[in-house]
Amino acid sequence: MIHDQLDRQLWHRAAATIGPDDELAGEYDLMAARALRRGAVAMAIEVLESAARLSSTAKARGDRLLRAAELAADLGQPELMERLLRQADIDETNQLALVRIAWCREISQPPAVNDPAKILALIGFAAKAHAAGAINLAANLLWRAAQRCWWSSASDELCTRVHDAATRLKLPETDSRLIAISAYVEPLRRGADLYLKLQGLAGTAHGDPTVASILGSAANVIGTFDIGVTFLAESSAVLRTQGRLSDLARVLFAQGWAEMEVGDWRGAMREAEESARLAEETGGLPWIAAATILKARLAGMQGNLEQSEAYAAQAEALALSIGASFLLAMLQIARGVSAIGAGRHWEAFEHLRRLFTPADPAFNFGLQFFGLADFVEAAVSSGNADEASRVLDEIERASAPTPVPWVGTMLQYGKAFLAAPEDAEPFFLQGLGLQGPGPAAKKWPFLRARFLLAYGGWLRRQRRSANARAPLREARDMFDALGASPWSDRAREELRASGETSRRRTEQVWDALTPQELHIAQLAAEGLSNKEIGARLYLSHRTVGYHLHRIFSKAGITSRSGLRPVLASISRPAD
């Protein structure tokens with residue numbers, strides 16, 4: 001008996017129906033909506049295609065196929081999308097339908113293309129959608145245009161046109177796309193206002209992984225990674241259950257970048273590894289490159305320079321093949337911070353100056369401030385303080401009057417490096433939250449530890465060795481917790497110079513595990529079976545079993561019961 005199983009009844013009715021049946025087609029529309037609420041996007045596409053076959057008019061049939069094509073594009077299935085569009089047979093005089101087709105083809109394309117003409121086209125499509133009363137579609141088009149502005153470092157004029165067009169839509173102030181448009185076209189100037197809006201939205205669950213992803217990406221773009229990581233973790237959890245792997249690959253990269261900034265380097269490498277794997281499976285070249293850049297940066301900060309450069313070379317080849325300035329900019333930041341850790345400041349300066357050179361393929365205005373602290377340190381340490389001062393002044397003016405805390409902390413860090421020795425201490429104290437109302441670096445452990453290291457070194461050079469030891473100890477311990485061995489070594493050298501010795505960091509059992517092995521070990525320790533772990537990570541249960549065998553061998557244990565004691569020693573992200 002299936003009388004209480006509505007969807008199965010409808011499938012049976014459709015199978016028994018010959019010819020059009022608009023009433024049944026309407027029931028199928030409702031079934032598609034139910035499928036979407038469950039996150040079953042592929043099923044919704046199938047249902048809408050069936051509804052199209054039941055439609056009695058070409059207009060109704062075309063509209064349902066177009067809705068299915070939009071879902072296929074969102075799901076990352078361009079071939080299915082094109083098949084549905086061919087069936088739709090849209091009337092060329094139907095302007096709104098043509099805009100919807102343009103939207104499908106836009107979101108199904110690789111995103112990283114430096115082409116201002118595409119931004120102009122999206123603005124034009126949005127205007128047509130707005131004129132037809134399709135505000136939601138217009139907002140989506142302008143959100144994509146804003147992304148393209150950021151990806152390609154578009155001109156101020158183009159960015160302003162996108163923002164003005166979005167303002168004319170009169171969306172609610174808390175609309176995720178409006179927030180993201182402002183973030184992507186003017187991350188520094190609008191950062192403080194957007195930070196307050198994102199803080200207000202951070203405490204509520206959104207249910208919709210797309211909304212959470214947009215808000216998380218916007219938070220990352222302005223440098224509020226502590227907020228971004230929450231939204232992105234919410235989005236990735238839902239996308240995982242829905243099986244939307246292409247979207248999951250993209251969101252995991254963004255989540256990993258945020259986790260890196262808030263000090264969860266193990267989590268960041270785990271997301272980067274999975275993002276790259278899923279992007280390879282779904283053909284997402286930009287996200288393979290992005291995840292590989294994240295791996296390069298993490299490896300470099302931990303002192304694995306050979307591995308870092310191998311990742312960087314792999315990512316560079318991909319980024320150049322798709323002409324993505326934002327990926328090249330992120331790559332130069334990764335290479336720059338790795339070189340600083342190795343003490344090669346001139347090399348770091350050469351990598352990082354590319355972000356600020358308009359003719360360079362890695363020039364990207366939206367990402368310049370991500371490398372501010374690194375650029376100033378590299379420039380000052382390599383005899384290029386004038387360039388550092390110019391860049392710092394530009395970023396401070398652009399983020400006035402109130403930068404977001406992360407940017408404010410980097411500004412204080414840069415000022416401390418640029419100041420005359422006798423004038424530097426107020427910048428150290430303000431940046432560390434020890435004096436005045438300025439931003440504290442507590443939410444950014446790597447930046448805070450570098451701040452403490454620089455301050456301790458400054459105190460020692462001012463012949464205040466006793467005062468230098470406390471910040472240097474704190475820096476050493478934070479670097480140890482992160483696994484940032486080049487900086488740990490430097491902190492220990494400074495401590496020795498101040499008259500105090502330090503023991504080396506004790507290696508932990510879990511240090512020998514790869515990010516994927518650590519993730520599997522954590523899930524197994526929670527009681528999940530091999531099959532359940534495989535379903536969660538999109539791996540076969542045999543692959544999970546193989547990894548568990550390696551984990552047991554590395555940890556010196558023989559069963560799952562031994563995992564909890566091993567994992568209990570893993571500290572939380574540094575704070």
Side-chain angles (χ1 to χ4, degrees), residues 153 155-156 186-189 191 223 297 300 325-326 328-404 406-432 438-439 441 444 446-447 450-462 486-487 490 494:
S153 200
S155 67
D156 289 345
E186 290 186 312
L188 285 171
R189 191 166 80 82
R297 183 166 172 180
S325 73
F326 83 98
L328 293 172
M330 288 194 300
L331 178 61
Q332 296 315 116
I333 293 171
R335 281 175 160 157
V337 73
S338 300
I340 290 172
R344 302 198 294 257
H345 290 94
W346 181 263
E347 179 185 325
F349 174 71
E350 288 298 316
H351 284 310
L352 292 161
R353 76 188 305 183
R354 293 183 58 189
L355 275 73
F356 305 93
T357 306
D360 195 286
F363 174 80
N364 188 290
F365 181 77
L367 271 161
Q368 287 174 346
F369 70 93
F370 277 49
L372 175 61
D374 301 325
F375 181 74
V376 173
E377 181 173 345
V380 171
S381 301
S382 63
N384 294 283
D386 287 348
E387 286 203 48
S389 182
R390 175 184 59 80
V391 165
L392 188 140
D393 287 346
E394 287 176 359
I395 290 176
E396 186 168 35
R397 281 196 302 272
S399 57
T402 308
V404 299
W406 184 63
V407 177
T409 302
M410 286 195 294
L411 288 169
Q412 296 301 320
Y413 186 79
K415 289 176 181 180
F417 266 87
L418 286 164
E422 63 273 15
D423 299 327
E425 188 162 26
F427 300 118
F428 283 118
L429 295 176
Q430 190 171 346
L432 289 167
W444 329 112
F446 184 54
L447 180 56
R450 289 171 67 181
F451 228 134
L452 288 162
L453 174 60
Y455 183 40
W458 178 87
L459 286 168
R460 184 185 62 76
R461 290 189 295 276
Q462 299 303 304
W487 279 270
R490 201 167 304 162
E494 285 286 355

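Since we're looking at a predicted model, the values are computed, not measured.
- Thr409 contributes atom OG1, which lies 7.5 Å from atom CH2 of Trp444 (distance to the nearest 0.5 angstrom).
- A heavy-atom distance below 4.5 Å is found between the side chains of Phe326 and Leu367.
- Here the straight-line distance linking atom OG of Ser399 with atom CD of Glu186 works out to 12.5 Å at 0.5 Å rounding.
- The CG atom of Leu372 lies 9.5 Å from the CG atom of Leu188; values are rounded to the nearest 0.5 Å.
- Taking the side chain as every heavy atom from C-beta outward, Phe365 and Asp156 never approach each other to under 4.5 Å.
- Residues Ala348 and Ala378 share a closest heavy-atom pair of CB-CB, 3.8 Å.
- The minimum heavy-atom distance linking Pro361 with Arg354 is given by the pair CD-NH2, 4.3 Å.
- Closest approach of Ala334 to Arg297, counting heavy atoms only: CB-CB, 3.6 Å.
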Please list, one pair per line, the donor and acceptor atoms closer than 3.5 Å that link side chains of residues 414-421 to other protein atoms, with sequence neighbours excluded.
from	atom 1	to	atom 2	distance (Å)
Lys415	NZ	Glu396	OE2	2.6

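- Checking side-chain atoms of Arg335 against main-chain N and O of Glu347 turns up no donor-acceptor pair under 3.5 Å.
- Distance check, rounded to the nearest 0.5 Å: CD of Glu425 to CH2 of Trp458 gives 4.0 Å.
- By the 4.0 Å N-to-carboxylate-O rule, Glu394 lies close enough to Arg390 to be salt-bridged with it.
- A 6.0 Å sphere centred on CG of Asp386 holds no more than 12 heavy atoms belonging to other residues, nucleotides or ligands.
- For the side-chain contact (heavy atoms from CB on, under 4.5 Å) criterion with Phe375, the lone passing option out of Val391, Leu355, Val380, Ile333 is Val391.
- Atom CG of Leu392 sits about 13.5 Å away from atom CZ of Phe369, to the nearest 0.5 Å.
- Atom-to-atom distance recorded for Glu350:CD and Arg344:CZ is 13.5 Å, nearest 0.5 angstrom.
- For the pair Asp374 and Arg450, the minimum side-chain heavy-atom distance is below 4.5 Å.
- Nearest heavy-atom pair across Tyr413 and Ala373 is CD2-CB, 3.6 Å.
- When all heavy atoms are compared, the tightest approach of Ala329 to Ala362 is CB-O, 3.4 Å.
- The two residues Phe451 and Gln412 have their closest heavy-atom pair at CZ-C, 3.7 Å.
- Using modelled atom types, one side-chain atom of Arg461 and one backbone atom of Gly457 make a donor-acceptor pair closer than 3.5 Å.
- Qualifying side chain to side chain contact (heavy atoms under 4.5 Å, CB included) partners for Phe363, counting only residues two or more places apart in sequence or in other chains: Ser153, Pro358, Gln368.
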